[in-house]
Amino acid sequence: MVLTNARFSLRRFWAMICKEFLQMRRDRITFAMLLGIPVMQMVLFGYAINSDPRHLPTAILSADNSVFSRRIVAAMQSSSYFDLVRTVDSEAEAKRVIDNGEVQFVLSIPQQFSSKLVRGKQPALLLTADATDPAATSSALSAFRYFAAEALAGEFRGPLSYLQRQGAPLQVIVHPRFNPEANTRYNIVPGLIGVVLTMTLVIITSLAMTRERERGTMENLLSTPVRPLEVMLGKIIPYIIVGYLQMGFVLLAAHFLFEVPLSGNVLLLLVVSLLFIVANLGVGLTFSTLARKQLQAVQMAIFFFLPSILLSGFMFPFRGMPRWAQWIGEMLPLTHYLRIVRGILLKGNGLAEILPNLWPIALFLLVSLSIGLKRFRKTID
Amino acid sequence: MNNSAPVIEVEGISKIFSGKTVVNRLSLQVERGEIFGFLGPNGSGKTTFLRMLCGLLRPDAGGGRCLGYDLLSEVEKIRSRIGYMAQHFSLYDDLSVRENLDFMARIYAVPKRRQVVAETIEQMGLEPFAGQLAGTLSGGWKQRLALAACLLHQPELLLLDEPTAGVDPMARRDFWEQVYALTAQGISALISTHYMDEAERCNRVAYLAYGDLLTAGTAEEVVSRSGLSTWAASGLDIQELAARLKGVPGIELTIPFGNNLHICGTDSGQLEQSLRPFMSDERFRWQKQETGLEEVFISLMNRQARGGDGSH
Ligand SMILES: Nc1ncnc2c1ncn2[C@@H]1O[C@H](COP(=O)(O)OP(=O)(O)OP(=O)(O)O)[C@@H](O)[C@H]1O
Ligand SMILES: [Mg+2]
């Protein structure tokens with residue numbers, strides 16, 4: 001019999017894919033789960049979960065250098081809601097730092113703020129907020145109105161004491177960007193794409209391989225010329241397709257059921273999602289090499305899924321979490337993927353803006369897939 | 001490759017699982033066209049040895065050749081030329097008979113796949129079940145499907161791990177006819193089994209106990225090398241006889257077969273002398289008998305358990 005000694009055979013690879021699809025079709029319950037999970041999640045997370053995050057990164061765009069503006073900035077700095085992380089010099093720069101998620105707020109102090117203030121003309125302060133997650137910004141906003149006025153009151157002494165009697169010395173204009181109606185569904189529903197993908201793909205891939213071992217079919221498979229990479233890719237690719245189906249499903253539901261405006265480039269989202277999908281499959285694969293039984297595989301998948309859903313900024317605003325939780329969150333692919341999904345769908349981000357969140361996913365993918373492959377090679381032995 | 005070279009040729013092969021030696025410096029040769037029987041008690045390392053031959057496990061020591069390819073470095077070449085049937089059914093329960101065979105044929109890149117699969121289904125008498133899920137077949141039919149699956153790519157060597165366990169006598173006979181037909185075409189087979197009648201159907205047998213190869217050769221060689229002589233006593237109260245014979249010098253072991261008691265010893269003179277007083281017992285008929293493989297294997301195991309050296 002003629003056999004090429006090629007390291008990778010497309011034929012065997014194709015045989016694996018066909019087999020996986022056949023088995024997927026037979027396994028009605030799993031198949032129903034694959035489509036049922038997105039539906040269930042959509043229903044469950046129609047609600048919002050509130051919280052009171054602090055230390056939100058803020059930038060200052062100041063066109064007025066006076067004792068009053070300095071006083072407001074100082075008050076902001078001493079409040080626990082805002083962390084002044086930088087100053088910006090132009091409107092364009094202000095837009096950029098908000099678009100790429102570097103800050104949550106930009107406080108713009110207009111020209112002649114102090115002179116208008118002194119003349120009692122009630123000048124306006126503009127607070128631009130990244131309101132994709134309204135839960136994260138609402139309490140900070142109401143706090144700001146209060147202490148800005150409070151801070152100035154301290155300055156209205158001596159010759160300026162007449163300003164105290166005038167009522168509100170200034171106006172605060174809030175400009176919530178991306179989600180002007182503070183609709184939490186806008187934030188939750190796109191995030192569901194990431195949650196659904198993490199949940200199903202990690203569980204399903206960790207099961208797929210463990211099942212071969214538990215049922216003893218691995219022994220037969222490995223006594224044939226099939227190569228580890230062929231087995232692995234043969235198992236992964238059908239689930240990539242499943243991942244995209246789920247994604248399409250959530251996107252359609254988001255648009256037609258929940259009326260989330262899909263302002264961004266959906267094609268870009270589909271492309272970068274591949275990284276995220278494969279990163280999750282890598283995790284599932286690694287688990288499948290560790291688990292002896294299918295039950296163990298599921299337990300491990302849940303072990304990964306829980307921090308992902310709790311610490312990624314899906315359930316609670318990321319910036320509201322304690323520092324250590326944020327550290328863990330930063331290591332999870334879902335955290336970065338959520339920022340990308342929300343960035344693209346709600347803010348209309350392009351590739352440049354999502355790049356800071358793209359490379360951590362790529363890194364995670366590299367690590368998880370190579371551990372998976374390495375461990376898989378070992379179990380064959 | 002050289003046609004007279006042995007198909008399996010291993011030297012000092014060992015496998016150790018977490019400190020426990022499961023296969024102990026085993027050396028073995030299997031010739032082309034031969035049916036080689038592999039026997040031994042449960043847990044003696046038969047499956048482990050077969051797994052090492054098809055590259056599922058790496059030997060911890062020793063090495064050798066299978067079909068002329070090195071066991072350690074040419075595993076790929078070996079895998080595409082052997083047909084391995086695992087002890088437990090290891091095809092997919094949730095695929096139909098035809099789908100399973102089709103999958104295996106694709107994996108082995110069998111030319112004219114559809115035709116080969118259809119022919120195999122017909123030859124193995126699997127037509128009535130072709131569309132049935134493999135998981136719903138009865139045990140014997142699963143074994144048959146598993147055998148069919150490892151014949152698709154026309155392997156040169158069959159490694160069959162207890163292929164007839166739980167199979168009815170008719171199906172076992174069919175199975176052996178099939179194996180004979182295959183070996184007539186020059187295919188070799190290494191078959192592990194617990195059935196003595198099957199051991200006797202093999203050209204040569206090897207007996208493994210707790211990792212050690214105790215003996216190997218044709219059935220006659222194995223029997224004559226054991227030096228055992230056997231007497232049979234038939235009657236109704238053989239249990240009581242067996243109890244009385246315990247500890248009598250020259251009697252190595254007694255094995256009941258229905259209404260027969262086989263009594264063996266290595267020193268035929270002393271055996272006869274020790275049995276003489278019992279022969280006057282009217283209840284039993286006494287007869288000298290050919291020693292069978294079963295007696296040899298049991299005595300080998302006893303000796304190994306007692307002496308622990310297994311030297312023979
Ligand atoms: N993967 C493994 N890890 C640890 N121990 C193992 C492993 N595989 C087999 N063993 C041990 O090796 C010994 C030999 O097992 P093996 O399956 O080779 O025996 P066998 O001769 O095939 O027995 P049987 O007749 O019951 O099939 C057993 O004691 C078994 O527990
Ligand atoms: Mg066995």
Side-chain angles (χ1 to χ4, degrees), chain A residues 1-31 204 207-235 238 292 294 376-381, chain B residues 15 47 50-60 72 74-96 98-111 113 116 133-135 142 145-146 149-150 152-156 158-161:
Chain A
M1 209 174 82
V2 194
L3 257 171
T4 49
N5 277 331
R7 304 292 291 167
F8 189 89
S9 146
L10 274 177
R11 259 171 118 158
R12 293 194 299 250
F13 170 56
W14 183 241
M16 283 302 299
I17 291 187
C18 293
K19 188 214 86 179
E20 287 303 318
F21 267 121
L22 266 177
Q23 290 188 301
M24 208 193 285
R25 220 184 56 199
R26 290 276 148 71
D27 192 354
R28 294 262 160 75
I29 295 185
T30 307
F31 200 70
I204 295 291
L207 279 181
M209 204 73 84
T210 320
R211 183 163 53 208
E212 296 259 0
R213 184 149 348 101
E214 195 177 319
R215 294 194 186 162
T217 51
M218 195 63 114
E219 178 159 9
N220 178 54
L221 200 56
L222 295 183
S223 71
T224 71
V226 77
R227 301 200 49 85
L229 195 66
E230 291 157 8
V231 176
M232 254 180 58
L233 288 183
K235 292 206 164 279
R292 298 268 130 219
Q294 293 188 60
F376 183 60
R377 285 240 167 78
K378 235 185 228 160
T379 48
I380 281 186
D381 193 36
Chain B
K15 184 75 202 176
T47 299
L50 290 179
R51 283 182 177 158
M52 285 195 282
L53 283 182
C54 55
L56 283 172
L57 291 170
R58 251 183 124 66
D60 291 318
L72 299 170
E74 294 175 302
V75 177
E76 314 277 302
K77 288 187 180 140
I78 297 175
R79 282 187 186 149
S80 60
R81 288 168 175 79
I82 57 165
Y84 171 63
M85 178 172 163
Q87 182 169 359
H88 301 286
F89 184 69
S90 58
L91 292 170
Y92 298 94
D93 281 346
D94 48 356
L95 296 188
S96 72
R98 183 175 283 115
E99 285 162 352
N100 264 305
L101 292 176
D102 198 59
F103 170 67
M104 291 298 283
R106 278 178 197 251
I107 288 284
Y108 282 109
V110 173
R113 191 184 82 240
V116 170
L133 295 188
K142 277 187 186 168
L145 169 60
C150 67
L152 287 166
H153 60 297
Q154 302 185 323
E156 293 170 48
L158 292 174
L159 300 174
L160 310 178
D161 199 355

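So that the names make sense, note that chain A is the first sequence line, chain B the second, and so on, each numbered from 1. Since the model is a prediction, treat every value here as computed from it, not as a measurement.
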**Prompt:** Do A:Asp27 and B:Asp94 touch side chain to side chain, with heavy atoms closer than 4.5 Å?
**Reply:**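 No. Closest side-chain heavy atoms not under 4.5 Å.
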**Prompt:** Does any non-hydrogen side-chain atom of A:Arg26 lie less than 4.5 Å from one of B:Leu133?
**Reply:** yes
**Asked** With respect to chain B, which residue among A:Arg215, A:Met16, A:Lys19 yields the maximal number of heavy-atom pairs within a distance under 4.5 Å?
**Response**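 Between A:Arg215, A:Met16, A:Lys19, the count favours A:Lys19.
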Please round to the nearest 0.5 Å and tell me the distance separating atom [atom1] of [X] and atom [atom2] of [Y].
X: B:Leu152; Y: A:Thr224; atom1: CG; atom2: OG1; result: 12.0 Å
X: A:Leu221; Y: B:Met104; atom1: CG; atom2: CE; result: 8.0 Å
X: A:Thr217; Y: B:Phe103; atom1: OG1; atom2: CZ; result: 9.0 Å
X: B:Leu56; Y: A:Met218; atom1: CG; atom2: CE; result: 10.5 Å
X: A:Ser9; Y: B:Ile107; atom1: OG; atom2: CD1; result: 8.0 Å

**Item:** Nearest non-hydrogen partners of A:Gln23 and B:Leu95, listed with the distance
**Value:** CG-CD2, 3.8 Å
**Shortest non-hydrogen separation from A:Pro225 to B:Glu76 and the atoms involved** = O-OE1, 4.4 Å
**Message:** Does atom CZ (B:Arg106) have a neighbourhood of more than 12 heavy atoms from anything else shown, all under 6.0 Å?
**Reply:** yes
Ignoring hydrogens and angles, write down the donor-acceptor pairs under 3.5 Å from the side chains of residues 82-91 of chain B, residues two or more places apart or on other chains.
residue: B:Tyr84; atom: OH; partner: A:Glu219; partner atom: OE2; Å: 2.5
residue: B:Gln87; atom: OE1; partner: B:Thr47; partner atom: OG1; Å: 2.9
residue: B:Gln87; atom: NE2; partner: B:Glu162; partner atom: OE2; Å: 3.3

**Request:** Show the numbers, then the answer: is there a side chain to side chain contact (heavy atoms under 4.5 Å, CB included) between A:Val226 and B:Arg79?
**Result:** CA-CA 9 Å; A:Val226 77; B:Arg79 282 187 186 149; over 6 Å; no
**Set of residues satisfying side-chain hydrogen bond (donor to acceptor under 3.5 Å, both in side chains) with respect to B:Arg113, sequence neighbours excluded** =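 If we apply the side-chain hydrogen bond (donor to acceptor under 3.5 Å, both in side chains) test to B:Arg113, skipping adjacent residues, the hits are B:Asp102.
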